[in-house]
Structure formats: structure tokens, C-alpha cells
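Below is one structure, written out as C-alpha cells, with a few remarks after it.
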Amino acid sequence: MFEHIQVPAEGAKITVNPDFSLNVPDQPIIPYIEGDGTGVDITPVMRKVVDAAVAKAYGGARRISWMEIFAGEKSTRIYGPDVWLPSETLDAVKDYVVSIKGPLTTPVGGGIRSLNVALRQELDLYVCLRPVRYFAGVPSPLKEPHKTDMVIFRENSEDIYAGIEWAAESEGARKIIDFLVKEMGVSKIRFPDSSGIGVKPVSREGTERLVRKAIQYAIDNDKPSVTLVHKGNIMKYTEGGFRDWGYALALKEFGAELIDGGPWCKFKNPKTGRDITIKDSIADAFLQQILLRPAEYSVIATLNLNGDYISDALAAQVGGIGIAPGANMSDSVAMFEATHGTAPKYAGKDYVNPGSLILSAEMMLRHMGWTEAADLLIASMEKAITSKRVTYDFARLMEGATQVSCSGFGEVMIECMG
Ligand SMILES: NC(=O)C1=CN([C@@H]2O[C@H](COP(=O)(O)OP(=O)(O)OC[C@H]3O[C@@H](n4cnc5c(N)ncnc54)[C@H](OP(=O)(O)O)[C@@H]3O)[C@@H](O)[C@H]2O)C=CC1
Ligand SMILES: O=C(O)CCC(=O)C(=O)O
Ligand SMILES: [Mg+2]
């Protein structure tokens, strides 16, 4: 059925029920993309650590059949020089429902567009879910890093990040600028002859489905608030639209009521009876608030580009992107991936922290209902960090630490599983 993907002889597909719950066999086939740059270092370590946790948790009754699929530089070596994202990779991610990927390179300026964005758009993985929590012992620039405990819902299918843009002085840019000036009466393009142009689509539907997921998450996980983060004072109909549609959804679908005349509103969590407050924050102010008063924020719903910035900023507060996990999700398909990129200067050196991809796999196991194995990964990560045998990123900031390699950290985690 596939040209280059080898389907494992053993194992079965995860399937999705009409209510989007999963049927997970005891030996699911999980597609994975190794990734560019440090992908060659972290992906094998992630697989080894996950296999150890699953074996330990289920004593051989469950195991993962890994199936390699291709994107990025490795794909061009296998499928041909121009094939960065083969269609069979997209088919496999969709058909096998749950997958995991290493980072993929996107050149700045010219060259290919982001394969990460393409995967999210092609499969309509509209939620980028990035939890940010503190692990005891991790070096952090904050005095009280444990107060940072947030879950980011980043809109993943729209916004300026979608890459609808035309280079300065190209025919496309000229046409768009002409249209704006001549037909729309736009007079505010400061240097029309040399402007590149980008388009920022933000829709009510796109906002509603993202904010709905964020609020539902707050209900399911007994969280106190959902904050809509936007720059709606400046970009009124895109970022401002996101804020207004988000509030409207809370009132309309969750029965929220205005607090002191609004726009903040709240409703009682139907599962716990506790209040959930829906509030908003302008993105620049938010970036200082998360440093100064992180405890006031819990679930964050935001647009694509803001979410990209906020993910790395929040990751830094709890020790850096070496341990920042994530997932890209639609209602049925989920693809897990680290928040960080390919860190090319460290590629192939067995050096970087595999923690981010391992914690992404932890989210994956939890999503599959393999809670015991997921819990084991968290416990062994905690123990490994407490033992101070850590990769360079933590070792350089920790007193008395022993620096270990990428694969060495994997070994420490496996040892810590007992
Ligand atoms: N989802 C994806 O696949 C993503 C892909 N990218 C792509 O990755 C490429 C490189 O992007 P860049 O901006 O350099 O960002 P990166 O996230 O790759 O690296 C930035 C810095 O973060 C730290 N870092 C990254 N990974 C780790 C790790 N595993 N362990 C410890 N520290 C780590 C390093 O810091 P230090 O130098 O201090 O050691 C590194 O120099 C680009 O092509 C970009 O487009 C970027 C983000 C996400
Ligand atoms: O696609 C890329 O190259 C960057 C993606 C990114 O920064 C992210 O997903 O956070
Ligand atoms: Mg990013």
C-alpha cells in the first residue's frame, strides 16, 4: 500500500469511534518521523525510554510497534530531492490516528515553507496543545518556578503563521498592493514599492473550535480560568475578533455570566461546581504578567503566532525548551512533537536533552489511555532530574550536576524506572 513506508508485521491500527474516543489495541502501530537536526539524537532515545516504560508498566502485555514515516531531509534522500512531505506520510498520520514526530527544519527567508505548518494545515490539526509545568530540581531563572503551571491552546490552522505572503517587489506583492491602494482606498502602506505583504486570516469558526477545546479542558481538568491572549487593541478584526468570539462562545455554549458588566465572565464547572473564569489579556502585557504573577494564569487560548512566542517564553520559565512537550490535534488525529526545533549546531552529537520529546510521548501514552506507562515516565523524569544526572542545558545551571549525553539521560531515566 505504501511506497517506502514499511508496515510492521505485528501490531494493529488505533481506530476512532464516532464520539472520537479511541480503540487502542495492545500492540498499536505508531508512526514516527525521526526529524531533522537533533531528531537523529532524540528520537531513538525517546523510543527506547517509551518502550522501557511500557514494558515495565504492562509486563509485556502491551507494546508499541513503531513504524517509521518520512518528512524533511530524510524524505528527500528516500523519495527524491524535492519530496519534503510525501503524500503517504500524510496518509499514514491520518490512518494510524496517533503519531509522534521529531523537529523539522524550516529555512529563514527563501527555500521550502514550514513542513511543521504544512502537516498541521493538511491534516487540520487545529489545536497545538503545550502544557508547561515545573519539575522539582530543574534550574529556572524564576524564584518560584513551581507557580508556573499553564496549558497553552495555540490555534494551529490560521493567522499570519499560515504563510500567505508575497516577497517585496514580486508580481504578487505588486498586485495585492495595487488592489489595496486602488480598490480599497488604503493609503497607509508606508513604502509600497518595497513592501513584502502577509495576510492574517482569523475566523470565527477557527476561534470557536479552539476556545471550545480550551474551555472543555478547563472543565475536565478542574482548572480555575481560561485566558484569551490577543493583540486586539491593534489588530481589531483578527486578534480582536478572537477575543470577542471567545467570550461570546463562553456565554453561548457554556452558560457563562458576565462579571461586573463584562467582558470577563464565569460559569460553574458542571463536574466540580467550582467557578471557571474566562478572561483576556493583551499579548505584550501577558508576557510580563506570566513572569511577575504566573499563578494567576492556568489555561491559555491564543492565536497561532502569539502561541508560538508564548510557548518558548513559558518553557524558559520552567527550565527551557529541553523539556517542553506538545501535541497537534484535530478531533480524531493527534501528532505529538517537542516545542523546540532542530538545534542544528548540536545535530548528531548525542548532546541535547531528549526530555521534550519523551514528555511529548508521555502525553501520547496518556492520550491512548496508557496511564500507567505515562505516570512511569513522569516519575522517572522526576527521579532523573533529582539525581542531578542531566544534559548540558540543565548541567550548566545546576550546582553539583553530572553532565550526561542525550542517550545517557535516556539510560538514567530507564534506571530510575526501578
Ligand atoms: N516543531 C518543529 O519542528 C520546530 C522546528 N523549528 C525549526 O528548527 C530550526 C532551528 O530553529 P531555532 O530557532 O534554532 O530553534 P531550536 O528550538 O532548534 O533551538 C534554539 C535553542 O534552544 C535550545 N534547544 C533546542 N533544542 C534543545 C534540546 N533538545 N535540549 C536542550 N536545548 C535545546 C538550544 O539552546 P542553547 O543554544 O542555549 O543550547 C538551541 O540553540 C529552524 O529551522 C526552525 O524553523 C523550530 C521550532 C519548532
Ligand atoms: O515550523 C517551524 O519551523 C517552526 C515551528 C515552531 O516554531 C513551533 O511549532 O513552535
Ligand atoms: Mg516555536
Side-chain angles (χ1 to χ4, degrees), residues 32-46 71-75 84-85 99-122 125-130 132 138-139 141 152-157 159-163 302-316 318-329 335-361 381 385 390-398 403-410:
Y32 72 95
I33 295 171
E34 181 180 75
D36 298 328
T38 51
V40 295
D41 304 294
I42 59 177
T43 303
V45 174
M46 176 278 294
E73 286 151 17
K74 196 162 184 179
S75 164
W84 295 89
L85 185 56
S99 58
I100 187 160
K101 68 175 274 291
L104 295 167
T105 302
T106 311
V108 178
I112 52 155
R113 287 203 175 273
S114 168
L115 302 170
N116 306 301
V117 173
L119 276 162
R120 296 166 191 165
Q121 287 191 326
E122 293 284 335
L125 305 175
Y126 64 90
V127 175
C128 181
L129 176 63
R130 291 181 167 172
V132 184
V138 169
I152 303 161
F153 281 74
R154 164 187 174 190
E155 204 293 321
N156 225 4
S157 67
D159 196 2
I160 200 81
Y161 207 92
T302 192
L303 301 98
N304 206 337
L305 183 60
N306 296 338
D308 195 8
Y309 296 156
I310 291 165
S311 307
D312 282 30
L314 276 177
V318 293
I321 46 183
I323 51 160
N328 302 293
M329 310 173 99
M335 179 175 231
F336 295 79
E337 70 170 339
T339 293
H340 63 68
T342 57
K345 67 186 172 189
Y346 300 128
K349 295 187 173 161
D350 191 19
Y351 189 66
V352 294
N353 193 339
S356 202
L357 195 60
I358 292 171
L359 291 175
S360 302
M381 176 73 76
I385 292 167
V390 288
T391 45
Y392 82 99
D393 49 331
F394 290 178
R396 69 187 169 189
L397 299 168
M398 254 181 186
Q403 185 172 326
V404 296
S405 63
C406 176
S407 57
F409 187 73

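All ligand and atom numbering here is 1-based and tracks the order in the structure.
Protein heavy atoms are absent from the space less than 4.0 angstrom from atom 11 (O) of ligand 1. Taking a distance limit of 4.0 Å, we find that atom 1 (N) of ligand 1 is approached by some protein heavy atom. Counting protein heavy atoms under 4.0 angstrom from atom 36 (P) of ligand 1 gives one or more.
Nearest non-hydrogen protein atom to atom 9 (O) of ligand 2 is R120 NH2, 2.7 Å. The shortest contact between atom 34 (C) of ligand 1 and any protein heavy atom is with Y392 OH, 3.7 Å. Counting protein heavy atoms only, atom 38 (O) of ligand 1 is closest to R396 NH2, 2.9 Å. Nearest protein neighbour of atom 14 (O) of ligand 1, counting heavy atoms only, is P344 CD, 4.5 Å. Atom 41 (O) of ligand 1 has as its closest protein heavy atom K345 CE, 3.6 Å. Closest to atom 43 (O) of ligand 1, if we only count protein heavy atoms, is T106 N, 2.8 Å. The protein heavy atom nearest to atom 7 (C) of ligand 1 is L104 O, 3.5 Å. At the shortest separation from atom 1 (O) of ligand 2 among protein heavy atoms lies S114 OG, 2.5 Å. Considering only non-hydrogen protein atoms, atom 3 (O) of ligand 2 sits nearest to T106 OG1, 2.5 Å. Remark: minimum distance from atom 22 (O) of ligand 1 to any protein heavy atom is reached at I321 CD1, 3.3 Å.
The shell of residues lying under 4.0 angstrom from ligand 2, judged by heavy atoms, includes Y161. Using a non-hydrogen distance threshold of 4.0 Å, R113 does not register as a contact of ligand 2. Between I42 and ligand 1 there is no heavy-atom distance shorter than 4.0 Å. Heavy atoms of R154 approach ligand 2 to within less than 4.0 angstrom. At least one heavy atom of N116 sits closer than 4.0 Å to an atom of ligand 1.
With a heavy-atom cut-off of 4.0 Å, N353 touches ligand 1 through backbone and side chain alike. If you look at H340 next to ligand 2, there are no close heavy atoms at all, none under 4.0 Å.
Salt-bridge formation is detected for the pair R120/E337: a Lys NZ or Arg NE/NH1/NH2 atom is positioned less than 4.0 Å from an Asp or Glu carboxylate oxygen.
Distances from atom 48 (C) of ligand 1 to the heavy atoms of H340, K101, E337, R120 show the closest one on H340. Comparing T342, L119, V117, T105 against atom 8 (O) of ligand 1, the shortest heavy-atom distance belongs to T342.
Ligand 1 has a nitrogen or oxygen under 3.5 angstrom from a nitrogen or oxygen of G341. Annotation: A343 places an N or O atom under 3.5 Å from an N or O atom of ligand 1; distance criterion only. Of the N or O atoms in T105, none lie within a sub-3.5 Å distance of an N or O in ligand 2. Where the criterion is an N or O separation shorter than 3.5 Å, residue side chain and backbone included, T339 fails it with respect to ligand 1. Residue-to-ligand polar distances keep E337 apart from ligand 2: every N/O pair is separated by 3.5 Å or more.
In this pair, Y392 and Y346 present their aromatic rings tilted. The plane angle is within the 30 to 60° band.
Closest heavy-atom contact between S311 and G307: OG-O, 2.5 Å. The heavy-atom pair separating S360 from A338 by the smallest distance is OG-N, 3.5 Å. Across all their heavy atoms, V390 and I385 have their closest contact at CG1-CA, 4.2 Å. A pairwise comparison of heavy atoms in P103 and G39 identifies CD-CA, 4.2 Å as the closest pair.
Within D308, the N, O or S atom at minimum distance from the Mg ion (ligand 3) carries the name OD1.
Geometrically, R154 engages Y161 in a cation-pi contact, judged by NZ or CZ lying under 6.0 Å from the ring centre and within 45° of the ring axis.
The backbone N or O of E34 sits less than 3.5 Å from a side-chain atom of T43, completing a donor-acceptor pair. For D36 (side chain) and G72 (main-chain N/O), no donor-acceptor pair under 3.5 Å exists by modelled atom type.
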